[in-house]
Structures are given as structure tokens and as C-alpha cells.
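In what follows, a single structure is set out as C-alpha cells and then discussed.
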Amino acid sequence: MPAAQRTPGQGTPCEERRELIAGAVRARGRVRVADLVRELGVSRMTIHRDLQHLDAQGRVRRIRSGATAMPAAA
């Protein structure tokens, strides 16, 4: 299926999906797992794995229900 016809998360390579998530965190300051599941059309476990990966890279801070932006360096 061409990229223009699929939802943002379905069939999206994981790195591209993680970039979408990181961008959402930067833009909003905070994201919820449930919202990402709905917006990207992937499972909760996929979002949890993506957030875990982004947290390990220092790109977001995982919280119980989602993720927040990393605090600015002082």
C-alpha cells in the first residue's frame, strides 16, 4: 500500500514512527500512550517499546501514562 494511503503508524518503519513520537513530545511537551495508540494505529505494546527506546536514547522521559519532553539543559 502506498505511504499516502496508510495511517501514520501502520506499516511505518519503527524509526520513522519513533521520529513521529519524538516530534509529538517536542511539540506538545507531553504525550499519552492511549493518544499515540489512536493516532498511530499501533498496539500499546508497540508504543511502550518505542517510548522505552526513546527514553534510553535520552530523547524523551517516560512516565507512567506516556512521555514528557526532556528538561532543557541548565
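Numbers for residues simply follow the sequence, beginning at 1.
For the atom pair CD1 of Ile21 and CG of Leu40, the computed distance is 5.5 Å after rounding to the nearest 0.5 Å. For the atom pair Arg17 CZ and Asp50 CG, the distance stands at 4.0 Å (nearest 0.5 Å). The distance from atom CG of Leu54 to atom CD1 of Ile47, rounded to the nearest 0.5 Å, is 9.5 Å. A distance of 11.0 Å separates CG in Leu51 from CZ in Arg49, rounded to the nearest 0.5 Å.
The side chain to side chain donor-acceptor pair (under 3.5 Å) test applied to Ser65 returns no partner, not counting sequence neighbours. Every residue two or more places apart in sequence or in another chain that forms a salt bridge (Lys or Arg N to Asp or Glu O under 4.0 Å) with Arg59 is listed here: Glu19. Residues meeting the salt bridge (Lys or Arg N to Asp or Glu O under 4.0 Å) test with Arg32, sequence neighbours left out: Asp35. Scored by the salt bridge (Lys or Arg N to Asp or Glu O under 4.0 Å) test, Arg28 finds Glu39 as partners (sequence neighbours excluded). Listed by chain and number, the residues in a side chain to side chain donor-acceptor pair (under 3.5 Å) with Arg30 amount to none (sequence neighbours excluded). Judged as a side chain to side chain donor-acceptor pair (under 3.5 Å), and not counting sequence neighbours, Arg44 has no contacts.
Put simply, the side chain of Val25 does not reach to within 4.5 Å of the side chain of Thr68, judged on heavy atoms. Residues Glu15 and His53 have side chains in contact (heavy-atom distance under 4.5 Å, counting atoms from C-beta outward). Ser43 has its side chain out of reach of His48: every pair of non-hydrogen atoms, C-beta onward, lies at least 4.5 Å apart.
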